[in-house]
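Each chain gets a letter, A, B and so on, in the order its sequence line appears, and its residues count up from 1.
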2 protein chains.
Amino acid sequence: MAAKPDQPERISEAEQAVMEALWQRSPLTAQEVCETVCGERGWSLNTVKTLLSRLVAKQAVATEPDGKRFLYSPRIARSDYVGTESRRLVDRLFGGRAAPLFAHLAKSEALTPDDIAEIEALLKELKS
Amino acid sequence: MAAKPDQPERISEAEQAVMEALWQRSPLTAQEVCETVCGERGWSLNTVKTLLSRLVAKQAVATEPDGKRFLYSPRIARSDYVGTESRRLVDRLFGGRAAPLFAHLAKSEALTPDDIAEIEALLKELKS
DNA sequence: CGTAGTCGATTACGTGTGTAAACGATGGAG
DNA sequence: CTCCATCGTTTACACACGTAATCGACTACG
């Protein structure tokens with residue numbers, strides 16, 4: 001009976017910072033996550049713990065007991081996250097078409113010459 | 001003394017729907033906005049009025065009295081909105097580089113052949 | 001004139017988010 | 001054994017958001 005698809009809950013911006021730490025290296029303890037992010041974001045360890053709990057609740061990270069504490073690891077791949085977020089934006093702003101997004105980036109000079117070269121290379125590859 | 005830059009407040013998803021209506025045609029009354037969006041979103045007129053007020057507070061739309069009621073028009077250009085939102089995403093997910101976004105879209109088959117052709121054309125134009 | 005409809009403004013209320021303090025268990029230092 | 005540091009859990013609280021009902025002013029119809 002197909003146990004409800006359980007569509008992944010949305011990950012907030014602050015939560016994403018925690019995910020990034022885990023995507024970089026995992027499993028990590030709450031401490032270690034904090035060491036990675038508390039500096040840049042000016043958070044307390046408690047804040048990180050809260051975010052980790054919420055991510056566990058959202059099934060975005062898994063826990064594994066390690067003595068008295070937990071080790072946390074991502075349950076969703078970064079590329080999946082990136083994919084759904086990009087898609088969401090393209091849908092919301094460009095009617096689902098990627099070309100207008102590209103056009104916009106190009107026009108607003110958000111593309112460096114490096115970017116352009118890289119994209120050309122990708123295009124060539126796509127056509128092969 | 002450069003009256004604080006007054007950095008534009010964030011426009012939420014529901015608010016964007018209202019903006020879209022105004023970007024399509026303006027100025028509009030609250031009624032008219034509702035006629036455009038209440039259907040698809042299942043909103044009541046009151047909801048639209050609330051969103052309009054919030055957008056006015058955020059300085060994203062301007063009001064102009066018209067007898068007993070108001071006419072609303074956008075104060076920010078859609079292309080600006082689209083620009084900052086795209087940039088925000090590219091920053092958040094791709095470290096500010098646009099090429100990886102493109103690569104991701106390409107890999108995840110979010111690019112149709114049409115998209116690709118269009119992008120090629122754009123590239124050609126960029127280089128000229 | 002009264003009164004019903006219509007406007008914008010005010011208030012409401014549940015949920016998510018950012019940020020954290022308080023709490024209770026527990027394991028290691030002395 | 002006792003006490004302190006450290007875990008994860010629970011509770012907190014302000015603000016944003018989605019969604020809307022209610023209110024006070026005004027006007028147009030009867």
Inset, instruction - List in numerical order all residues of residues 13-20 of chain B for which some heavy atom is under 4.0 Å away from an atom belonging to DNA chain D. - result: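 Output list: B:E13, B:A14.
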Legend entry - Below 4.0 Å: OP1/OP2 of C:dG16 and any side-chain N or O of A:S12: no
Legend entry - OP1 or OP2 of D:dT6 under 4.0 Å from side-chain N/O of A:Q31: no
For a quick test of reading the model, state the closest non-hydrogen atom pair linking [X] to [Y] and the distance between them.
| X | Y | result |
| --- | --- | --- |
| B:V37 | B:A21 | CG1-CB, 4.0 Å |
| A:S86 | B:L105 | CB-CD2, 4.5 Å |
| B:M19 | B:I76 | CE-CG1, 4.0 Å |
| A:G83 | B:H104 | CA-NE2, 3.2 Å |
| B:L122 | A:A99 | CD1-O, 4.5 Å |
| B:P27 | B:S73 | CB-OG, 3.8 Å |

Rounded to whole angstrom units, what separation is found between the [atom1] atom of [X] and the [atom2] atom of [N]?
| X | N | atom1 | atom2 | value |
| --- | --- | --- | --- | --- |
| B:I11 | D:dC17 | CD1 | P | 10 Å |
| A:L71 | D:dC7 | CG | C1' | 12 Å |
| B:E32 | C:dG8 | CD | C1' | 16 Å |
| B:D66 | C:dT6 | CG | P | 17 Å |

Inset, instruction - For DNA chain C, determine which residues of residues 37-58 of chain B have any heavy atom closer than 4.0 angstrom to one of its atoms, and list them numerically. - result: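 Here the set is B:K49, B:R54.
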Inset, instruction - Produce a footprint string for nucleotides 23-30 of chain D: one letter per nucleotide, 5' end first; B if the base is under 4.0 Å from any protein heavy atom, S if only the sugar-phosphate is, - if neither. - result: ---B----
Legend entry - Qualifying residue for side-chain contact (heavy atoms from CB on, under 4.5 Å) with A:S12, from A:E15, A:Q16, A:R10: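 Going through the options one by one, the only one that passes is A:E15.
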Inset, instruction - Output yes when a side-chain donor or acceptor of A:S26 lies under 3.5 Å from a complementary backbone atom of A:L28, and no otherwise. - result: no
Legend entry - Sidechain-backbone polar pair: B:T47 side chain, B:W43 backbone, donor-acceptor under 3.5 Å: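 No, B:T47 side chain to B:W43 backbone: no donor-acceptor pair under 3.5 Å.
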Legend entry - Most 5' of B:A30 and A:R10 on DNA chain C, judged by nearest nucleotide: B:A30
Legend entry - From OG1 (A:T63) to CZ (A:R69), nearest 0.5 Å: 14.0 Å
Inset, instruction - Would you kindly confirm whether A:L52 and A:L71 end up in one hydrophobic cluster when ILVMFWY residues are joined by side chain heavy atoms under 4.5 Å apart? - result: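 Per the 4.5 Å side-chain linkage, A:L52 and A:L71 are not co-clustered.
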